[in-house]
Amino acid sequence: FFSDSPTSTVTVTPDRSVFTGETVNLKCVINSDHSDWRYEWYKDSVILQTSDRYTVNRDTLTIRGATESDQGQYWCEGQRDGRPNSSTFRSPVSLSVKDSPTSTVTVTPDSPVFTGETVNLKCVINSDHSNWRYEWYKDSVILQTSDRYTVNRDTLTIRGATESDQGQYWCKGQIDGRPNSSTSSSAVYLSVKDLKQKPELTSDPAGAALTGNTVTLTCRMDPSTGNWDSYWYKHTLNPETEKKKTHSYSLKIDSVSDGGQYWCRAGRGKPVYYTQYSDALWVNVTESPKAVVTVRPDERVFRGETVTLRCDIKWGGDTEWTYRWEIEGTNNQYKNTVSRTSTQELNISSVDLSHRGKYSCTGQIHTQSSQRSDAVTLTVSAEAQASVRVSPQPWLTEGESVTLTCEVSGSSKGWTFSWFRDHDHLSDSSRGAGGSYTLSPAALQHTGVYTCRAERGRPAYYTHNSSSHTLWITGVSASVSLVINPSRSQHFSSDSLSLSCEDQSNSAGWTVRRYTDKDTQTCAKQTGSGCVMDSLSTSDTGVYWCESESGEKRHPRNITVHDGEVILESSVDPVIEGETLTLHCLHRSTNSPILSADFYKDGSLIQNQRTGEMSITTVSKSHEGFYYCKTERGQSLHSWISVRGYYIHEHLMRYA
């Protein structure tokens, strides 16, 4: 009867992983009932011989003072004289030999600590083993557990530290039954100070804070004292406390009420150990000024002009601002373009359509900003065109007044004006300001073709010349006059009107001529030196005068035809200073004064609802202007009332 050879296995004590210097026992276990076995040991296929470090006692191989060279694969075989005469090994055992693990001590919080704090010292052993038993030493004396010293596995806790706890601390770990388990740690010096720390509280910016900005408060501790949490306080009826892990606190300044007294203190540990409070810091808050954008020459400009946008901030301090411009353009290329610049002005040397948009700015002092300005819309037009208005009319008699006004369509700021008569530049600027050119009194030599041109900016930008306007001044003749019947400047449509030229010198050849919006023509129904219009229409509105066979023109007068229900009755001739001016408001159905009416001069009410007549007893030059009346039945057209000085009138009559 035959059976398989018995198997042998190896067991290791204390462990298959040991530290240098330890004693290791390897036992050969043969699965057999026989006890007369002789044992042979092998390491990495080499049979082991007994030596000072390797001894064999029956089934046990002992390695004393293990070193890294003892690492390897171990197995055993058994031999005997009878049968079975040998064993077979099942599998080798791997023995790992490592240096004893190092241990280090960490301290929480960082040293130095302060009297009264709770201090945790942790022994950290660089090993995969978890069954360590820890020993703590202070200044070479092993520490015993007490009311103030407690050990929880790897951690030594000192409660209510005092200056007597100051010293060198170190640790080592032991695994039961293995005296060479761990090396001792390096000593850590614990410093205990009997002085509570006081943090320093600062603000950035350091000066007055502006609403709408953020102030950063910093609670600064001596960096050599370790890590701290910060606790923040504001002086209110209910003091606010806020814990922050960082030393900085961002304070959003929404209103002046966010200013006030702030302070901080630092804390760490469980239970929390607090420092002293910092000195109080006052955060002074001022209402943030609002930036204002101004544009030169105007918010409406023309292509090619030089444009300057300026950002102004009313601020009492002497700190210099830097500026930030924001431009919201009108096309995708410039949409929401933000341009940062330190200059107060944006200069566009030759503006074009791409510069159109909304411009706004803010000012900055260090990290603080002013309120953003209201946006200013820059409008860029293709070209500028001047135009001329004449008031009261371009046809007048010498001695009367006339004002020519030069305007730029859609723009009124910053322009200076030049006037031309018959293409010659007029250098006389004393006749009016701005875009006005006044002739008072007008003389015969002022007759001509007038144009104007506007300019502004440096370098100068010029408009196109205006269209031409003819100004015609006729002479005064005591012997020739235009007689109008009814004698007024306004007439109802469908009424009749007769005009005639009366010549006191009895010279013949005077004809009534007129100028309407169509052309210049002789009165259609001429009877000698007179003209009769049986049924007036609004197309008969115009200037009428007497003209001799030689082309001499005299006594021009304005005639206005109205198809409404109300007209103003006023003299067709200028009023002489010092005389009485009487105005009536007439109704079409009665052709007589209305009982009550409102009278206006240059758009302003000067008499209301008292009567249908208005009188100015002593006329002066200030009464010159456009007059009209209004009733519940309607409103008249405007008539120009011209006032002539008494001495000028006498002079003209004498030498006419």
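Every value quoted in this text rests on a predicted model; they were computed, and no experiment measured them. Just the heavy atoms: all of them, side chains too, but no hydrogens, waters or symmetry mates, feed the values below. We're numbering straight along the sequence, starting at 1.
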Are Thr162 and Val192 close enough that some pair of their side-chain heavy atoms sits under 4.5 Å apart?
no

Please report the C-alpha distance between Tyr274 and Tyr231 in whole Å, then the side-chain angles of each, then the deciding distance to 0.1 Å, and finally whether the ring pair (Phe, Tyr, Trp, His ring centres under 6.0 Å) criterion is met.
CA-CA 9 Å; Tyr274 293 102; Tyr231 294 80; 5.3 Å; yes

Does the side chain of Tyr262 reach to within under 4.5 Å of the side chain of Leu251, using non-hydrogen atoms?
yes

Check whether Ser466 reaches the backbone of Cys452 with its side chain - one donor and one acceptor, N or O, closer than 3.5 Å.
yes

Note: Arg53-Asp70 ion pair, threshold 4.0 Å (strictly below)
yes

Does the side chain of Trp228 pick up a donor-acceptor pair with the side chain of Thr225 at under 3.5 Å?
yes

Side-chain (Asn120) to main-chain (Thr108) donor-acceptor, under 3.5 angstrom
no

Salt-bridged, Glu326 to Arg372, with N to O below 4.0 Å?
yes

With distance as the sole criterion, is a donor-acceptor pair present between the side chains of Arg265 and Ser230 under 3.5 Å?
no

Determine, stepwise, if the pair Asp204 / Thr216 fulfils side chain to side chain donor-acceptor pair (under 3.5 Å).
CA-CA 5 Å; Asp204 182 24; Thr216 300; 5.6 Å; no

Atom CG of Asp147: over 12 foreign heavy atoms under 6.0 Å
no

Identify the two heavy atoms, one from Gln276 and one from Lys196, that lie closest to each other, and give their separation to 0.1 Å.
NE2-O, 3.0 Å

Any idea which heavy atoms bring Val285 and Val256 closest together, and the distance?
CG1-CA, 3.7 Å

Ser381 side-chain N/O to Phe302 backbone N/O, donor-acceptor pair under 3.5 Å
no

Side chains of Val295 and Tyr359: does their closest heavy-atom pair fall under 4.5 Å?
no

Heavy-atom pair of closest approach, residues Cys219 and Trp232:
N-CH2, 3.5 Å

In terms of side-chain heavy atoms, does Asp352 have a donor or acceptor partner in Ser354 at a distance below 3.5 Å?
yes

Would you call the rings of Phe114 and Tyr273 parallel, tilted or perpendicular, where under 30° means parallel and over 60° means perpendicular?
parallel

Can we say Lys314 and Asp312 salt-bridge, meaning some charged N sits less than 4.0 Å from an Asp/Glu carboxylate O?
no

Yes or no on side chain to side chain contact (heavy atoms under 4.5 Å, CB included) for Val292 and Arg310, after CA distance, side-chain angles and deciding distance?
CA-CA 8 Å; Val292 177; Arg310 180 181 174 90; over 6 Å; no

Is the NZ or CZ atom of Lys138 positioned over Tyr149's six-membered ring, under 6.0 angstrom from the centre and within 45° of the axis?
no

Atom of Trp315, atom of Pro289 and distance for their closest heavy-atom approach
CE3-CG, 3.7 Å

Let me see the working for Tyr169 and Leu143 under side chain to side chain contact (heavy atoms under 4.5 Å, CB included), right down to the final yes or no.
CA-CA 10 Å; Tyr169 288 79; Leu143 292 173; 3.9 Å; yes

Has the side chain of Ser288 got a donor or acceptor atom that lies under 3.5 Å from a matching backbone atom of Gly212?
no

Side chains of Tyr189 and Gln166, donor plus acceptor under 3.5 Å
yes

For the atom pair CG (Leu156) and CH2 (Trp136), what is the distance rounded to the nearest 0.5 Å?
5.5 Å

Nearest 0.5 angstrom please: Trp321 CH2 to Thr362 OG1, how far?
9.0 Å

Under 3.5 Å: donor-acceptor pair, side chain of Glu22, backbone of Phe19
yes

Note, Val10 side chain near Val29 side chain (heavy atom, < 4.5 Å)
no

Salt bridge Glu299-Lys413, side-chain N to carboxylate O under 4.0 Å:
no

Rounded to the nearest 0.5 Å, the CD atom of Glu328 sits from the OG1 atom of Thr377 at a distance of 9.0 Å

Distance check, rounded to the nearest 0.5 Å: Ile313 atom CD1 versus Gln364 atom CD?
9.5 Å

Between the side chain of Thr463 and the main-chain N/O of Ala454, is any donor-acceptor distance below 3.5 Å?
yes

How many angstroms lie between CG in Asp229 and CZ in Arg268, if you round to the nearest 0.5 Å?
10.5 Å

With no hydrogens and no angle check, is any side-chain donor or acceptor of Ser185 less than 3.5 Å from a backbone partner on Cys171?
yes

Are the side chain of Ser373 and the backbone N or O of Cys361 linked by a donor-acceptor pair below 3.5 Å?
yes

I'd like to know if the side chain of Asn126 and the backbone of Pro101 have a donor-acceptor N/O pair within less than 3.5 Å.
no

salt_bridge(Glu163, Lys193) N-O dist < 4.0 Å:
no

With side chain to side chain contact (heavy atoms under 4.5 Å, CB included) as the criterion, how do Ser203 and Leu281 come out once you've worked through the C-alpha distance, each side chain's angles and the decisive distance to 0.1 Å?
CA-CA 8 Å; Ser203 66; Leu281 175 71; 3.7 Å; yes

Apply side chain to side chain contact (heavy atoms under 4.5 Å, CB included) to the pair Val97 and Thr20, showing each step before the final yes or no.
CA-CA 6 Å; Val97 182; Thr20 56; 3.8 Å; yes

Between Arg456 and Ser411, a side-chain donor and acceptor under 3.5 Å
yes

Any sub-3.5 Å donor-acceptor pair from Ser8's side-chain atoms to Cys76's backbone N or O?
yes

Under a 4.0 Å threshold between the charged nitrogen and the carboxylate oxygen, would Arg133 count as salt-bridged to Glu135?
yes

Starting from the C-alpha separation in whole Å, work towards a yes-or-no answer on ring pair (Phe, Tyr, Trp, His ring centres under 6.0 Å) for Tyr233 and Tyr277.
CA-CA 10 Å; Tyr233 304 85; Tyr277 287 100; 5.3 Å; yes

Which atom names give the shortest non-hydrogen contact between Cys311 and Ala291, and what distance separates them?
SG-CB, 3.8 Å

Rounded to the nearest 0.5 Å, what separates atom OG1 in Thr306 from atom CG in Asn347?
8.5 Å

For residues Thr211 and Asp254, report the shortest heavy-atom separation together with the two atoms involved.
CB-O, 4.2 Å

Would you mind telling me which of Asp59, Asn57, Thr13 makes a side chain to side chain contact (heavy atoms under 4.5 Å, CB included) with Lys27?
Asp59

State, without any angle test, whether Thr150 and Arg159 hold a side-chain donor-acceptor pair at a distance under 3.5 Å.
yes

Any salt bridge between Arg296 and Glu345, counting N to O under 4.0 Å?
yes

